[in-house]
Amino acid sequence: MPDPNLMPEEVMARYRGRVSEGTLRNWRCLRIGPSFLKIGKSSLYPRGELDRWDKSILVVCRPTRALPLEKSAPPE
């Protein structure tokens, strides 16, 4: 069974390099971003907390209205 906690490098890979290690470090300092565990000098990110954070930052779009089809004029 894989470890349920991710190291910062694994979190960076999860977000395809769009979140850097420096960003994670800044977020930890400011207490924003995903929740983490601090064990000694190590910071670990529980998978469940990352999933929860993903849901909290999800941008929900409203569905588009169905536009009525225009009746075309019969060809002349």
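For the numbers below, each heavy atom of this structure counts, side chains included, while hydrogens, waters and symmetry mates do not.
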> Measure across R14 and D51 and return the closest heavy-atom pair with its distance rounded to 0.1 Å.
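Minimum heavy-atom contact is NH2-OD1, 2.6 Å.
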> Would you be so kind as to tabulate the donor-acceptor pairs closer than 3.5 Å made by side chains of residues 39-46, with sequence neighbours excluded?
residue	atom	partner	partner atom	Å
S43	OG	R28	NE	3.3
Y45	OH	R28	NH1	2.9

> Going through the checks in order, is the side chain to side chain contact (heavy atoms under 4.5 Å, CB included) test met by L24 and F36?
CA-CA 10 Å; L24 291 171; F36 62 96; over 6 Å; no
> Salt bridge or not between D54 and R47? Use side-chain N to carboxylate O under 4.0 Å.
no
> I32 and L58: same hydrophobic cluster, using ILVMFWY side-chain contacts below 4.5 Å?
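I32 does not cluster with L58.
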> Supply the atom-to-atom distance I57 CD1 to R52 CZ, rounded to the nearest 0.5 angstrom.
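The distance works out to 10.5 Å.
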> Do Y15 and L50 pass the side chain to side chain contact (heavy atoms under 4.5 Å, CB included) test, and can you show the C-alpha distance, the side-chain angles, and the key distance before you say yes or no?
CA-CA 10 Å; Y15 295 107; L50 290 172; 4.0 Å; yes
> Hydrophobic clusters here meaning ILVMFWY residues chained together by side-chain heavy-atom distances under 4.5 Å, can you tell me if M7 and L37 are in one?
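Both belong to a single hydrophobic cluster.
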> For a quick test of reading the model, state the closest non-hydrogen atom pair linking E21 to M12 and the distance between them.
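Closest approach of E21 to M12, heavy atoms only: N-SD, 3.4 Å.
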> For K38, does the NZ atom sit with more than 12 other heavy atoms under 6.0 Å from it, leaving out its own atoms?
yes
